[in-house]
There are 2 protein chains.
Amino acid sequence: MDNLASKEFEPLKLENQLCFTIYAASRLMTRHYQPYLDELGITYPQYLVFLVLWEKDGVGVNEIGCKLYLNTNTLTPLLKRMEQLSFIKRIKCCEDERKVLIFLTDKGKDLKLKAKNIPEEMAKTLNCNLGKAMCLKNELDQLIHKMLK
Amino acid sequence: MDNLASKEFEPLKLENQLCFTIYAASRLMTRHYQPYLDELGITYPQYLVFLVLWEKDGVGVNEIGCKLYLNTNTLTPLLKRMEQLSFIKRIKCCEDERKVLIFLTDKGKDLKLKAKNIPEEMAKTLNCNLGKAMCLKNELDQLIHKMLK
DNA sequence: TTCATTTATATCGCTTGCGATGCAAATTAA
DNA sequence: TTAATTTGCATCGCAAGCGATATAAATGAA
């Protein structure tokens, strides 16, 4: 890290941008998942919605949004596509007619089995040690926490 | 990190996904830049193109794409919008008529001065130590390197 | 030279992502 | 109870991203 010691650290150089590294890592990660998700017939953001629903379904749109930091203007069309693919059902809540509850269909539930090995595959292909990955995740979580304030 | 020690580490849990953390950090980072970029009248991906061009302009579309890991199908419309805003000029290369060289206009060059303090502002608002940030960046660069192979 | 291949960029269609806005149901205040 | 406000979701419009495909210029092979 000569850049740190050197007096000519250039803040506007691309290679010094943490933000760009995160941005690039995110897009490359999505690409890296794609072949595996293609097999399941889903996209990466849809995969994230599944991760939420596999833990607990019958939740409102906004509850999914809170967990993924996504607004309804992104989620509504995304969820409609997932419904079109019959992975989920969108059902109006009886107690509160404003709410739309999201339920997994059998097809959606079954997908969990097919997805089971994806994290392992990722770790393998990225030659990624679990401890190190969780450490990196922790650093990023701290950054996220600062940005949410 | 009890998850690491515990036998019930659930690979499909959202909170255990490094990929999601990177994805979330990327989007939140873009949001975090937005007020600053709004002042300049540019978007975040456009800012990245500027970072490339401020270092060296008169480059081909593909050279920008290599540095940002973006393809021409993303860059062409993006660069056309930047030209519409008269930040850049797209000029056919004489020696090789296939190439389109991207040049900054004066307006585009002047923007560098206005952007000068953005990295510093970011570090400040994120309460981010330079050494730690570069360390995190280094970790992510290693991950990126694995995904590019 | 002529035709096939490669290279550089562009076009098309689709899915995010999100600001601005709309709308109906629920809640609160008066 | 009635009106104002809040809440939850949807719609619209635009800018990325990107796979698939197209096109024209350059290069290479015959």
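Because the structure is predicted, anything quoted here is derived from the model rather than measured. In what follows, chains carry the letters A, B, and so on, assigned in the order in which the sequence lines appear, proteins first and then strands, with residues in each chain numbered from 1.
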Closest-nucleotide ordering on DNA chain C, the 5'-leading residue of A:Pro45 and A:Asn73: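 Closer to the 5' end of DNA chain C: A:Pro45.
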Parallel, tilted or perpendicular: rings of A:Trp54 and A:Phe50 (30°, 60°):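 Plane angle under 30°, so parallel.
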Choosing from C:dT9, D:dG8, D:dA15, which nucleotide comes nearest the side chain of B:Gln46?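 The closest nucleotide is D:dA15.
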Decide, yes or no, whether a salt bridge links A:Lys137 with A:Asp141 under the criterion of side-chain N to carboxylate O below 4.0 Å.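 A salt bridge is present here (some side-chain N lies under 4.0 Å from a carboxylate O).
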Is B:Lys80 touching bases, backbone alone, or none of the nucleic acid, heavy atoms closer than 4.0 Å?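 The answer is sugar-phosphate, as B:Lys80 gets under 4.0 Å only of primed atoms, P, OP1 or OP2.
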Salt bridge or not between B:Glu97 and B:Lys92? Use side-chain N to carboxylate O under 4.0 Å.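 Between B:Lys92 and B:Glu97 there is no salt bridge, as every charged N stays at least 4.0 Å from the carboxylate O atoms.
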Does some side-chain heavy atom of A:Glu139 sit less than 4.5 Å from a side-chain heavy atom of B:Glu139?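 In short, these two side chains do not touch, never coming nearer than 4.5 Å.
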Between B:Thr74 and A:Gly60, which is nearer to the 5' end of DNA chain D once each is assigned its nearest nucleotide?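 With A:Gly60 and B:Thr74 compared, the 5'-side residue is A:Gly60.
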Heavy atoms under 4.0 Å, any strand shown: does B:Leu75 hit a base, just sugar-phosphate, or nothing?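 Nothing, no heavy atom under 4.0 Å.
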Please work out if A:Leu78 contacts a base, only the sugar-phosphate, or nothing of the nucleic acid, heavy-atom cut-off 4.0 Å.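 Sugar-phosphate only.
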Within the structure shown, what part of the strands sits under 4.0 Å from A:Glu95 by heavy-atom distance: base, sugar-phosphate, or nothing?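 Answer is sugar-phosphate: A:Glu95 comes under 4.0 Å of backbone atoms only.
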Have a look at B:Glu63 and say if it touches a base, only the backbone sugar-phosphate, or nothing, with a 4.0 Å heavy-atom cut-off.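 Answer is nothing: B:Glu63 stays at 4.0 Å or more from every strand.
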Between A:Tyr44 and C:dT15, is there a contact of a side-chain N or O with OP1 or OP2 at under 4.0 Å?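 No, A:Tyr44 has no side-chain N/O under 4.0 Å of OP1/OP2 on C:dT15.
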